[in-house]
Amino acid sequence: MNYAQYIPLLLVLPLLSFAVLGIWGRKHLKNTSGILGTLVLLLLSIVAVSVAGHYFFVAEKLNDGYQSILALNIPWLTFGYKNLSIDMGLLLDPISAMMLVVITVVSLMVHVFSLGYMKGEERYPTYFAFLSLFTFSMLGLVLSANIFQMYIFWELVGVSSYLLIGFYFTKPTAVAAAKKAFIVTRFADLGFLIGILMLGIQAGTFDFLTLIERLTNPESEAFISMQAAGFLGISAITWALCLVFVGGAGKSAMFPLHIWLPDAMEGPTPVSALIHAATMVVAGVFLVARLFPIFHFNPTALNLVTWTGALSALFAAIIACTQTDIKRVLAYSTMSQIGYMMFALGVSGYGGEAGLGYTASLFHLFTHAFFKSLLFLGAGVIIHAIHSNDVKDMGGLRHALPVTHICFLIACLAIAGVPPLSGFFSKEEILLAAWQDNPAIYAIGLFTAGLTAFYMFRLYFLIFWNKPNTKPIHKEGSLWMKLPLIFLAAVSIVAGFIPFSQLVTSDQKPFWSSFHLLFSIAPLAMVILGIFMAYRLFKTPGEKAAALALRMGRLYQAASHKFYVDEVYLFVTRNIIYKMIGKPAARFDKQIVDGGVNGLGNGTRVFSEKIKGLQNGRIQWYLLVFLGGILLLSIVFIGINKI
Amino acid sequence: MNLLLLLLIPALTGLAIGFFPAKQSRLLALTGSGIQFGLCLFLLNNFLQQPDATLSGALLFQNDFVWYRALNIHLHTGIDGISLSMVLLTAFVVLAGVLVSWNIQKMSKEFFILLMLLSAGAYGFFISLDLFAMFFFLEIAVIPKFLLIGIWGSGKKEYSATKLALMLMGASALLFVGLLGLYMNQNGAESFSMIALAANPAPLAVQKFFFPFAFIGFGVFTALFPFHTWVPDGHSSAPTAGSMFLAGISMKLGGYGCLRVATYLMPDAAHYYAPWIILLAAIAILYGAFATMMQTDLKYINAFSSVSHCGFVLLGIGVLTKTGIAGAVIQMVSHGLMTALFFAMIGMVYERTHTRDISKMGGLLKAIPFISTLFVMVALCSLGLPGFSGFVAEMMVFIGAWENTNTLYRIATLAATASIVVTAVYILNAVGKVIMGPVKKESFMQLKDAAWYERSAALLLIAGILLIGLAPFLITNLIEPGTQSIMDKITIITK
Amino acid sequence: METSKIIFYLLGGFILGMALMAVTEKKIFRAAIWLLFTLIGVAGLYFWMSLEFIAAVQIIVYVGGIVVLIIFSVFLTHQAEEDMPKTNIVRKLAAGLSVLLGAAFTIRLFLTNDFSLSPVEFDSEVSRIGEAMLQTGPGGFLLPFEAVSMLLLAAMVGCIVIAIRPDKPDKAEKENNDPLTDRREKNLLNTENNYS
Amino acid sequence: MNYLQEILVISTALFFIGIYGLLTRRNIIAILMSVELMLNSVNINFVAFNKYLFPNSLDGIFFTIFIITIAAAEEAIAIAIVINLYRNHNSVDIESTTLLKF
Amino acid sequence: MEILELMRSEIILTTGILLLLIAKVGDAKWSNQTMMTVVNIGLFGLLALGFLTEANGSVFGDMFTTNNLLRLEKNVLTLGTLIISMQAGSWLQKHEHATEFYLLLLTTLLGMFLMLSAGNLLMFYLGLEMSTLPIAALANFDLKKRRSSEAALKMILSSAFASGILLFGISWIYGTTGSISFENLPALLTGSPLQLFAIILLIAGFGFKISAVPFHLWTADVYEGAPMPVTSYLSVVSKGAVLFVFVSVLFKVFGSLSSVWYAVIVTLAIATMLIGNLFALRQQQIKGFLAFSSISQIGFILVAISGGTEQSTTATIFFVIVYLFSNLAAFGVAGLISQATGMENMDDYKGLRQSNPILAWMMALALFSLAGVPPMAGFFGKFFLIMAGAGKGNWLFIIFAALNMIIAMAYYLRLVRLMFMDQTDTPIQKITIPFQPRLALFLCAAGILLTGVFSGAYEYIYSLVR
């Protein structure tokens, strides 16, 4: 039997689990739902990993390259135009295979962790149902064979994120955060949708493979028409790609659409680990990677990707240095790392060695998923232990939480890029790709690398060293919570040694990436500097940090207020959208449209009141009108013509 | 199968309710609408077995009675996929409406009779192939609406009822002129027959003169901007079943008419006026969405959002592409189911909390989880989430609209597309305030969750929504021949 | 012919003059007398046209019947000696103007109309009328004759019912005591804000 | 030699004099008198037409006869009503019969 | 013996009138109730007879013609009279002049029959007067009420004036053509200005009877003042009869001059619809309300008449039938309420549904039919009326007519609103409906519901008109 036949299982299993847990969970599976969900996930990860393994190492390597295989393709919605249709397909190629592993493994870990973390929650079954839903949507997203299908799962992912962020629905902040996350990404999706419409309708297909084939062939009809058509001096294809990227940027929390991500930390921490660190937020990177051949043909769009990524990386890193909420720091760090991935794609070329950036980006995606989810889960343990998110309430926890401490440290080292942990390798490749393409970007990347090390270790020292501020309420927790930490830490250590350029490349043909020892000096130096600074400032309690912050003045203020982006948004929505569009629209409706109708009615009534004198009860007046009527009729209809 | 059965059953049910004691009314109504529901499914089955059904857009199960021989008025019935899907929609909503009204106390006899009359009007409208009969059935539905709102409604019900009746009457008056124009200017014998009129369209000048009458006439029913103002007031004052019928069926009468009568019978004029239609539709979509954003009453929210959603129907028709028209039809069905469910859920919430002001509610998910879950689901459907029917319909309209390369159309489409964000804003705002958030009142925790009839109504409708949302090919295949034959008409004329 | 002409004009002047007096006289009793003269003048005109039968009918029915009826009713309503209330001058003007306009219009119309006079002399034998009245075939007027008799019967019955009434009117029905009126006035005040 | 047009002028003038009276008199009985003037004018018309234009038939003459008859009936009923009104209301002023209006 | 055959209805009617006279003069000791029942049975017999007779032809020269269409029209009038007579029961029972009431009523019916069958202007005029003058007397039948006298006075004065105008017009027609016969007139009409003037005068005369604006002003006052049965008789039967004659005279006799009267009719129709509607909108009194509503209905009928085709005639006759059922249902309910409680204000109808559901629904049925809402017959009636008028292609006029239906809807709904939606603590008490009015209401309801949905009536009329 062909292994590809198992691929549909990847979608069916979590969907079933969602349905079962969602419908019967509350009543009949109150306590077993967690185990049930986790078992399904275990099965799922086994399938996913074996499918991916099979794909990479057994089956699909032909002519030096990996083939994209379409495991399934059912017409779902057909249109009467250019044979356009939305199909439900399953596309397996290196990036989707790689994503399968990431998603299922992280999801499994999160499930296991949640068994302990969410124990005793009132909506325990619902939680696992939502997790299943999310896993289903995310797997659907990466396996999508066409761009519209991807959009569909894209939305589903968004809604599962919404549901999970708002899981603690009685907490107003959680509700607001969920709403914000959904609306901001929806706004970005608007761009995505329009981009899809432009691409799909011009090219006559939504299918990824056909789309790429048509739009990378300068002779094809679709390519020519899209180049020719334009708006505001920019060609249609550029518009389309930029709009699609807007969608990706929204989901991946790129500047300036990032504002939802920090707030999204209102959700349960394992959810943050799964959705807002490892999987959903990298969907934007995945999207750009998916369409990379087309992007590659369009420097304008690619530049947009590069600069958005680079700016976001730097911007988020700066903010991360000033935040005190542990999850927010991690959120900004996520944003910063995704910025890395984004600009890596932007600086990448296509094919072979030139495609280093592409490989590096996805490599980073891979490694980041593990160490970042590890960080979140670790944060989860800490929050669980002291019931606070704020680092000011933490400190000196290394004795109370030993396992967590070690795992957290490993993750910090990994993210900071200390060799030989996984982060080092992926980040190194990214910087190399940037160096080869654009020194300015490289400079930003390098500086950000230092900042990353700084803020991560700031966090580490503030939590585990410094002076203890609160006594832990809980212990480290059950085995369910420790096991994932240990597993993920292990993966974070070894993942760097995977020969990624053999597996995931821009043209799906393996190449050997070279490792330059000399090149690593600068980044390493930056990292060490960052760690050292953090050590000096935060290892022990003192006024040094505060003094430095004071010295930074405005910059620090701005950074700690997240550069006032939220305020700008608030201004725009409150004052412009609500006050200048919404209210006038409502008022217009009430006064002009409604008033018009009422006015018509009242006008008629008033008019009828005005002419009531006609019927004044005087018979002679009646007869005079009678006579007048006759005379008028006679004069008008006879007089004019005949006399 | 004889389509007149579809009229007979509601009529008989109505009569039976009239003759039996008031206590039996609801049972009779349920039985009647249940049988009708089964009949519609049976009809669907029969329809799909016809070889013609999936191949050509032929009108099946035709039945032609001469009604007024002297005036060449017929009671001509027949269906294609489009009308069948509308009939099915009606069956769903009517059954759910009866279920939701299970506990009505006040004048229950009259209530159910009016419901039956209303549904008979809708069924008759959708299966008619003769404009006179169509108009007849359209008008039948007006007075029950007036009475339902005025007698069983809440709030400023008399005002709303009067406004609704008058605006719809005005629409009918315009429509009446349009239909007469078609009738009088038919080449050869004067006729109301849609088949004859379609085969032999009136000259362009005539079409240009009468198209606005027919289109605006039907448009008012489907909340064409700026004639939508009966919608918010009417819906918000109506009793639950009334709102469901109003938004779920009645507004669809207009959309169906715009498509079947105005566009299909006057294709040249449709092309001529298309930019205006699109403009109005785009305004309705965006404007409706923005106006919704400012509402605090749940029913107003859904009513204004209906204005916005029905704009998609008009947009789909206005772009005159096959995808657009199919999208319009699906949007009608989808919006019908969705908005009926939404009103049902709002009704259930209102019955329990006795308020519809979103700022006075909160945390209902904790108190009444079933209702709240369905509420969230239908809200997500309303904001066009994939998996629900709304998404399919909206996407089809967008694609249909985008197919047309005209810049104006594109800009209008962009504007319409932008509504998905605004929709998300108001829907999530409502969900956030009503379903989520802290429990506002202690008393909410004592509320009872949905009873069996409410559950079955909600599940019935959500099943329909999910069916379309998950397997849209079912409905597209059903309506494809119909849209194709409409498209043939439209394109042949222009070429 | 001259005499005939003079008589005609005299008659015409008499009729119109009396008619004008009848509609402008202040005292009702005198107005009735002027009306009487007008009617007699018209009868004279019929005589002048040598239509004696019609003239006779005119005198018998009008002078003998209707004017007597009018005079009776004048006495019954106790108005004979009083001046009639004056009419609003604006009303008079409006009526006068429209009447003048109407008359001028009509006269203009028939003066421009081409009446072709018949060369045949009219046979004004009374027997001709009598025969026609009782004929059932074409040219006969038996049916209207019978019909009118039914009408007169009905009129008579109606008059008897209405006019002959033994008992006194109810006090409650006197002028401003009408309960309906009161309520109506109130409603009229409310109509302004009745639409809501 | 005939005076058809002159007769018509007289009748028309009489008709409108009647209308004038009808429109301006305030005593109901006086109004009824004016009605008689109008009907007389029509009678003159019929008679004159019959005599001068269409001597072969008697349509005009008979019309006149029936008009006179009906005028009598009408007058009788009207006067009965006036008397009744007077009993109910003690007035024959037309200006006071404005209970019914609007 | 042709006369006996052709004039059977008229002769029977005359006999009936004379019998009533004899009964009155002979001081018969029967109660009002007995007499009413007898009369109703007689009317029913007359109606049945009308349906059974088949003879066509003319007698008395051309003075009396009859054919199936005319017989149908007469039957409609008889039916209307029968229903009114049944409804009048509760009012008439205590009346001391019930016999005279019927005597006069039947005389007017006879007058209408003669008018319908008239073959020349003289018979037409006689019939018209015969159907008008007794009604004026009837209007005064609330003998002790000043309102009633006033109404009668207004009626008799207006109708005297109108008949003066009508006669003036007839005299000019006679003067210019030399004929009063409907058969000969069409050939003799030349369309000279004087004739046109005469036609306008004639139309005004008709317009007065059917209360077309601006000749309508008497209507509301008379309706309000007259006793309820008389009002309904005036508004339904008497109007119907004149409409029948109007249509046939206008089309058959003056058909050749249609280009002239078309404009006049259109003007009248526009004014009538508008004024009728606007005044109906602000009425507070049920009879005044129904009066103006009937005026606006006449406006719609004029729309059909302006078409000048067979469809117009058919639509008019059909609508008169529909209107008869609808209006009599409304008047029947109003009459019952007025008799039982003396309430004639619309505000008194508040909450009628609570206390008298049958009456409220009957009234609603009638109002919806008048407003033209399906499945009530009024919908079909109005549709066909405007359709008949649309044949001329004067679309602005048709649009105007269609828009007027909205205003009409507004005031009909207002009463429905009062009855069904407004709550009050003191609704009209529960009223028991005696058998005859109940039967009358049932007849009306059946008529309202069935006349339109089943096309038989229309088809039958059309076959006769053609």
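These values consider heavy atoms only, across backbone and side chains, with no hydrogens, waters or symmetry-generated copies.
- With sequence neighbours left out, the ring-ring contact (aromatic ring centres under 6.0 Å, His included) criterion links C:F8 to C:W48, D:Y3.
- Contact tally against chain C (heavy-atom pairs below 4.5 Å) for E:L114, E:L110, E:N140, E:T108: the top residue is E:N140.
- Residues E:S58 and E:M63 have side chains not in contact (no heavy-atom distance under 4.5 Å, counting atoms from C-beta outward).
- A 6.0 Å sphere centred on CZ of C:F115 holds more than 12 heavy atoms belonging to other residues, nucleotides or ligands.
- Ranked by heavy-atom pairs shorter than 4.5 Å toward chain C, the options E:F141, E:F101, E:Y125 are led by E:F141.
- The ring-ring contact (aromatic ring centres under 6.0 Å, His included) check on E:Y174 picks up D:F46, D:F54, with sequence neighbours excluded.
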Notebook entry, point to check: How far apart are the C-alpha atoms of E:F292 and E:Y411, what are their side-chain angles, what is the distance that settles it, and do they pass the ring-ring contact (aromatic ring centres under 6.0 Å, His included) test?
Noted result: CA-CA 10 Å; E:F292 280 108; E:Y411 55 77; 9.3 Å; no
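- Note: E:L104 leads E:L106, E:L104, E:L138 in heavy-atom pairs under 4.5 Å with chain C.
- Among residues 12-23 of chain E, the residues having any heavy atom closer than 4.5 Å to a heavy atom of chain C are, in sequence order, E:T14, E:I17, E:L18, E:L21.
- In terms of heavy-atom pairs under 4.5 angstrom with chain C, the leader among E:M346, E:M123, E:M7 is E:M123.
- Annotation: cation-pi geometry not satisfied between E:R414 and E:F289 (NZ/CZ under 6.0 angstrom from ring centroid, within 45° of ring axis).
- Counting heavy-atom pairs closer than 4.5 Å to chain C, the top-ranked of the candidates E:T107, E:L194, E:L103 is E:L194.
- E:T231 places a side-chain N or O within donor-acceptor distance of the main-chain N or O of E:Y223, the cut-off being under 3.5 Å.
- In this structure, C:F37 has no ring-ring contact (aromatic ring centres under 6.0 Å, His included) partners at least two apart in sequence or on a different chain.
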